[in-house]
Amino acid sequence: MSEVFEPFATEAISPPDPAAVAAVPGDLPLTEVLMRQAAQRSQFRHDNTIRPLEPHPGEPVEVWATSGEELPIERAVLFYTVDGSRPDLSATELPMQRTCVTWDPHAGYVTHWLATIPGQPAGTLVRYRIAGWLLTQAGPTAAAEPQIWAQDGQGFAFHFAGERAFTTFAYQVEEEEQRQPPAWTKEAIIYHIFLDRFRSDAADGNFLPGSEPQALHGGTLNGVRAALPYLAELGVSCLWLSPLHLAESYHRYDALDYCAVDPRLGSAADLKALVDEAHGRGMRVLLDFVPAHVSWHHPAFLAAQSDHQAPSRDWFYFERWPDRYGTFLDAVPGLPSLRSESEGARQYIIASALHWLREYGVDGFRLDHAIGLGFDFWCAFRRATRSLRSDIFTVGEVTDTPDAMRRYRGRLDAVLDFPLAAALRYTFGARTWDLRRFESFLSSYERYMTTGPARVSFLDNHDMNRFLFVAGDRPELLKLAALCQFTLAPVPVIYYGTEIGMSQRADVSATGFGGDAEARGDMSWRRQDWNHELLAFYQALTRLRRTLPVLAAGERRVVHLAPEQATYAYLRTFGCGQRLQAGDALVLFNRSEQVQTLMLPEGLLPPPATCLLTTTSRPVIRRSQHQVAIMIEPLSGAVFSLPERG
């Protein structure tokens, strides 16, 4: 979530570097990654490094920690509980072994510590902390109290120390069926709605022209309800609603009350009616939930500022009470951060989530700024919400490295796939990557993330430039990217308006314009404003996704890659060979500006295969004894499949 705003202007500017325009907020700057590595020199860390990430019942768990050369840890002990209580020195203890010392050019000499927690039965929540005793000038210490507790070094947390650091960790032991995302997500197609800009209460759904970018434009819950027939025709099966709780801004990432519907959007009854009607149409509903920070006018924060003894005082971190405090990325004073280690804050956040599940029947949450809270919190959140509803879906906005994203397995059902979004934008939008680079990334990334949580893909969202803007307002490039997105395994998201060709005036980082509001334009409900060809293509994509289960669950196998002619093809299959079988999908791309011919073995496109979808006109097929030549139009793609035998 970005909250950096720029003033409004009306004059166009020349576009900046294409790669910069295509960048996504999940791309961590290399400087930040290197800073995190270098911080190990002086830190005692546990970066949620456990093996396995998601233990089976009865399976022991290795817990690894590190200490830097500038922090001479002489002894380390892991303390854990299995009754839900926060561990202290009275908990079960396991001395940690000093296993080895490694060297890193940024971190220097790093000592590795290991303890193994015995296997536990299904349903167990294991919470643990790691204590360290320092080597003093007088030699090994006999002090009873540890001098330091190992801290989480992932996300933004490595910046923290002392009271603000995350020092409590957790994992859960679950049965196999509990370890998977809900079954309904396998066929999910999510539609991301930015409520204030999607549809108004006006009879035609449109907004008043000329509204300031940061002003309230007036989208409502009843507006979304009126759009349900349109969304059903599009083929959407799940709505993702931007924050709808009481807040100050139009975007509502600055909560004032976690349990109240913002009356500017409608009433509690309006939300219940929307959820009920969506369910009646077979659609699920996800809420954008903001657990890591609140508005600086939130009653709990005001109380903490005014009274040092207030119950909510420890919900927040004060470097100097009452005016210096931890905030979102330490950059937005209006968004004070909630402390993941505060029991009061944890109870408040989790109770708020249960409220939306219980009172309105929503089906899960997109979890904003998930790195702002520790894994111990996310285990508690998962346990509480799943105890109420076993089929809810939790998707984290994990703006971190793939290594960190992977560790959310067993804590969240899925993560938003920022690395894939960046690759799709660089390849098909800005076209700064060729197809060889894209495939090199994709094959390595897919293998790497097999041990991580499920992934949710997207081309654009409310914090980044719209894809069509990145692509120079060329719908044919958007079609190629969407074709790739929908034929890869992650659950696909459509950002509102992308399907009708919404773009923007300027880069979200351009001065003199609307900042990130540029990517949050008003949806037009005037059909003459729509790109109907693009809309029809998205409708075909959603049908394709529902028709071919292999797209969500099959293997992906590259069958053609010719970077010099910018052509590319992969097979999505449940089989193990290089032949198209019943129910498989063969996906073809021509990213060049000329007609190209792909030569494939005959078995990849046998005569019974049919073209289910194309971005332009159908490819021309010519067959020989052992090969098939597929002539494909410029900047186009297609999907072939072999029908199931009836």
Side-chain angles (χ1 to χ4, degrees), residues 24 26-28 47-57 59-62 64 154-155 171-188 190 370-371 375 378-379 382 393-424 427 437-458 484-493 545 548-559 561 568 570-578 583-585 587:
V24 303
D27 282 347
L28 279 186
D47 292 356
N48 298 285
T49 306
I50 66 171
R51 301 192 186 116
L53 285 169
E54 194 178 29
H56 288 89
E59 187 174 17
V61 174
E62 293 182 354
W64 291 83
Q154 294 188 126
Y171 62 85
Q172 296 187 93
V173 182
E174 297 177 324
E175 298 284 8
E176 184 61 36
E177 63 272 13
Q178 299 172 307
R179 295 150 58 93
Q180 304 301 320
W184 63 264
T185 63
K186 292 179 181 178
E187 298 179 353
I190 301 174
I371 64 173
F375 278 23
W378 289 122
C379 283
R382 179 181 178 92
F393 188 42
T394 53
V395 183
E397 185 200 27
V398 179
T399 49
D400 208 330
T401 60
D403 178 52
M405 290 168 55
R406 192 167 63 169
R407 299 175 201 221
Y408 279 83
R409 185 177 182 124
R411 281 80 174 178
L412 302 175
D413 291 314
V415 293
L416 288 170
D417 203 338
F418 285 95
L420 178 59
L424 290 169
T427 303
R437 181 171 181 184
F438 177 70
E439 170 53 32
S440 296
F441 156 80
L442 191 58
S443 59
S444 298
Y445 179 65
E446 287 176 330
R447 286 194 296 269
Y448 185 78
M449 292 301 289
T450 54
T451 58
R455 293 176 286 129
V456 172
S457 69
F458 57 98
C484 190
Q485 178 198 11
F486 271 70
T487 56
L488 296 177
V491 177
V493 174
R545 187 82 180 187
L548 296 177
V550 73
L551 297 179
E555 296 294 321
R556 190 183 70 86
R557 199 163 298 133
V558 177
V559 295
L561 178 61
Y568 177 47
Y570 51 75
L571 186 66
R572 297 300 313 280
T573 179
F574 287 124
C576 55
Q578 293 282 325
D584 287 353
V587 189

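Only this structure's heavy atoms are used, side chains among them; waters, hydrogens and symmetry mates stay out.
- Around the CD atom of Q578, the shell of radius 6.0 Å holds more than 12 heavy atoms that belong to other residues, nucleotides or ligands.
- A donor and an acceptor atom, one from each side chain of N48 and Y171, are nowhere located under 3.5 Å apart.
- Looking at heavy atoms from C-beta onward, F418 lies out of side-chain contact with M405 at the 4.5 angstrom threshold.
- By the 30° and 60° cut-offs, the orientation of the rings of Y568 relative to Y570 is perpendicular.
- Residues passing the salt bridge (charged side-chain N to carboxylate O under 4.0 Å, His left out) test with D584, sequence neighbours excluded: none.
- Looking only at side-chain heavy atoms (C-beta outward), V415 and P453 come within less than 4.5 Å of each other.
- Distance CZ/F486 to CG/L548: 13.0 Å, rounded to 0.5 Å.
- The heavy-atom pair separating V398 from Y408 by the smallest distance is CG1-CE1, 3.5 Å.
- The local environment of CD in E555 is sparse, with at most 12 non-hydrogen atoms from other residues, nucleotides or ligands closer than 6.0 Å.
- In this structure a side-chain-to-backbone donor-acceptor pair under 3.5 Å is missing from W64 to R51.
- Under the 4.5 Å side-chain criterion, counting only non-hydrogen atoms from C-beta, L424 is in contact with C484.
- Ion pair E439/R556 flagged as a salt bridge, since at least one NZ, NE, NH1 or NH2 atom sits closer than 4.0 Å to an Asp/Glu carboxylate oxygen.
- With sequence neighbours left out, R409 forms a salt bridge (charged side-chain N to carboxylate O under 4.0 Å, His left out) with E54.
- In this structure the side chain of R406 reaches within 4.5 angstrom of the side chain of T451, judged on heavy atoms.
- Summarising the geometry of A585 relative to V550, their closest heavy-atom pair is N-CG1, 4.1 Å, with the distance given to 0.1 Å.
- Considering only heavy atoms from C-beta on, L488 comes within 4.5 Å of L442 through its side chain.
- Annotation: side chain of L28 is in contact with side chain of D400 (closest heavy-atom distance under 4.5 Å).
- Residues Q180 and K186 fail the side-chain proximity criterion, which asks for heavy atoms closer than 4.5 Å.
- Nearest approach of C379 to Q172, heavy atoms of both residues: O-NE2, 3.5 Å.
- P490 is listed as a side-chain neighbour of L420, based on a closest heavy-atom distance under 4.5 Å.
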